[in-house]
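Heads up, the thing below is written out as structure tokens.
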Amino acid sequence: MTIKKEEVVCLGIVLKTQSYKESDALVTVYFKDYGKMTLIARGVKKLKSKNAAACQSLTLSEFTFIPRNGLSTLIKASSVDFYRYLKEDIELEAYASYFMEFVLRNEEENQPDLDVFNHLKEALDALNHGYPPQLVYLLYNAYILKRCGVALQVDGCVRCLRQNRIAGLSLEDGGFVCLDCLSLRDKQLDKETLKAFRYINKVCFKQIDQLKISQESIDQLIEIMDYYVDEMTGILFKTKKMIKSLEKL
């Protein structure tokens with residue numbers, strides 16, 4: 001993407017903020033129109049900075065900046081959604097950090113994709129509006145697999161493609177297996193959990209109200225989806241350790 005060196009205004013989600021020199025900061029943002037970029041925010045660490053709140057990690061803000069291929073220059077910023085509810089709850093913040101870590105590590109600089117922005121925003125909004133965090137986590141993991149080009153087969157048996165008599169999941173092949181293809185290496189599941197697994201991999205966040213999944217099925221699906229993400233994407237999430245430690249409490 002060719003970056004024009006003129007002042008622009010764009011909505012973005014702050015993925016990371018780190019100190020830079022005495023009073024400045026480097027702010028990594030995923031923009032709706034520009035993708036992932038890093039801005040240099042001069043003077044943002046000063047007590048009287050008007051841009052400080054909008055440049056905090058896990059904040060949806062409107063930025064005025066001069067885009068460049070390297071470090072872009074921040075002119076001003078104003079917060080649109082501070083996601084205070086998420087920041088005040090350690091569990092919700094852990095899930096939000098996981099979603100942002102994926103975008104931070106998987107997406108290249110200056111390669112805009114509206115789908116990436118929308119999925120991240122919808123996941124954060126779902127958490128912020130009180131939807132079960134584990135359900136949001138499952139939906140976003142399904143998106144991670146699709147984004148990485150390893151979407152799971154949930155329209156039929158991954159081995160013979162038959163669409164009936166589905167009995168379990170193949171952890172090796174990544175999808176449904178029918179009763180005839182089921183082996184000892186596969187994970188046999190009940191119909192309710194198999195149905196929930198398909199929904200998780202087919203619906204979007206806008207359809208989250210349609211999902212009625214028991215906690216027992218959610219617990220099973222989290223274990224399965226974690227395995228797929230770990231094995232099929234090659235991304236070792238630092239934030240996943242925090243999520244797992246909180247699940248044990």
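For the single chain, residues carry numbers from 1 onward in sequence order. Everything quoted here is computed from the prediction, not taken from an experiment.
Between the side chain of N51 and the backbone N or O of V44 there is no donor-acceptor pair closer than 3.5 Å. Using a distance-only test at 3.5 Å, with no hydrogens or angles considered, no donor-acceptor pair links the side chain of R165 to the main chain of C178. With hydrogens and angles disregarded, no donor-acceptor distance shorter than 3.5 Å links the side chain of E122 to the backbone of K206. E107 contributes no side-chain N or O that, together with a main-chain N or O of K36, makes up a donor-acceptor pair within less than 3.5 Å. A donor-acceptor distance shorter than 3.5 angstrom exists from the side chain of N110 to the backbone of N69, with no hydrogens or angles considered. No donor-acceptor distance shorter than 3.5 angstrom exists from the side chain of S49 to the backbone of K45, with no hydrogens or angles considered. For K87 (side chain) and L58 (main-chain N/O), a donor-acceptor pair under 3.5 Å exists by modelled atom type. Side-chain N or O atoms of T59 include none that pairs as donor or acceptor with a backbone N or O of S61 at under 3.5 Å. Using modelled atom types, one side-chain atom of Q153 and one backbone atom of D155 make a donor-acceptor pair closer than 3.5 Å. A donor-acceptor pair under 3.5 Å links the side-chain atoms of T17 to the main chain of C55, judged by distance alone.
Hydrophobic clustering (ILVMFWY, side-chain heavy atoms < 4.5 Å, transitive): V229 and Y227 are in one cluster. When the side chains of ILVMFWY residues are joined at heavy-atom separations under 4.5 Å, either directly or via intervening members, L211 and L194 end up in a single hydrophobic cluster. One hydrophobic cluster, built from ILVMFWY side chains closer than 4.5 Å, cannot hold both V27 and L104; they sit in different ones. Both L127 and V80 are members of a single hydrophobic cluster when ILVMFWY side chains are connected at heavy-atom separations under 4.5 Å. Residue Y140 is grouped with residue I235 when hydrophobic side chains (ILVMFWY) are merged at heavy-atom distances under 4.5 angstrom, including chains of intermediate members.
Using cut-offs of 30° and 60° for the angle between ring planes, the Y143 and F102 rings count as perpendicular. In this pair, Y98 and F237 present their aromatic rings tilted. The plane angle is within the 30 to 60° band.
Closest non-hydrogen pair, G156 versus F176, comes out as O-CB, 3.4 Å. Scanning both residues, G12 and F63, for their nearest heavy atoms gives O-CE1, 3.8 Å.
Residues M37 and V29 fail the side-chain proximity criterion, which asks for heavy atoms closer than 4.5 Å. No side-chain heavy atom of L124 sits less than 4.5 Å from a side-chain heavy atom of V136. With a 4.5 Å cut-off on side-chain heavy atoms, M225 and Y137 do not count as touching. With contacts defined as side-chain heavy-atom distances shorter than 4.5 Å, the pair M100/T239 does not qualify. Taking the side chain as every heavy atom from C-beta outward, I13 and V103 never approach each other to under 4.5 Å. Inter-residue side-chain proximity for I222 and N141 is flagged as unmet; no heavy-atom pair is nearer than 4.5 Å. Looking only at side-chain heavy atoms (C-beta outward), I224 and L171 come within less than 4.5 Å of each other. Taking 4.5 Å as the limit, every side-chain heavy atom of C148 sits out of range of all side-chain heavy atoms of M232.
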Requested in this report: Starting from the C-alpha separation in whole Å, work towards a yes-or-no answer on side chain to side chain contact (heavy atoms under 4.5 Å, CB included) for L120 and L15.
Outcome: CA-CA 10 Å; L120 178 57; L15 304 174; 3.8 Å; yes

**Report entry** Derivation of the side chain to side chain contact (heavy atoms under 4.5 Å, CB included) call for F117 and D33
**Finding:** CA-CA 9 Å; F117 177 85; D33 299 326; over 6 Å; no

Report task. For D186 and D173, run side chain to side chain contact (heavy atoms under 4.5 Å, CB included): C-alpha distance rounded to whole Å, both residues' side-chain angles, the deciding distance at 0.1 Å, then the answer. Result -> CA-CA 9 Å; D186 300 324; D173 299 323; 5.7 Å; no

Query - Intermediate values then yes/no, side chain to side chain contact (heavy atoms under 4.5 Å, CB included), D230 and K240 - result: CA-CA 10 Å; D230 291 344; K240 188 171 285 188; 3.0 Å; yes

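A donor and an acceptor atom, one from each side chain of K195 and S217, are nowhere located under 3.5 Å apart.
The number of heavy-atom neighbours closer than 6.0 Å to CD of E22, taken from other residues, nucleotides and ligands shown, is 12 or below. Residue E109 qualifies as enclosed at atom CD: its count of foreign heavy atoms under 6.0 Å is above 12.
With ring centers used as reference points, F31 lies under 6.0 Å from F65.
Note: I40 CD1 to K21 NZ = 6.0 Å, rounded to the nearest 0.5 Å. Distance check: I208 CD1 to L135 CG gives 4.5 Å after rounding to the nearest 0.5 Å. Rounding to the nearest 0.5 angstrom, the gap separating the NE2 atom in H119 from the CG atom in L114 is 10.5 Å.
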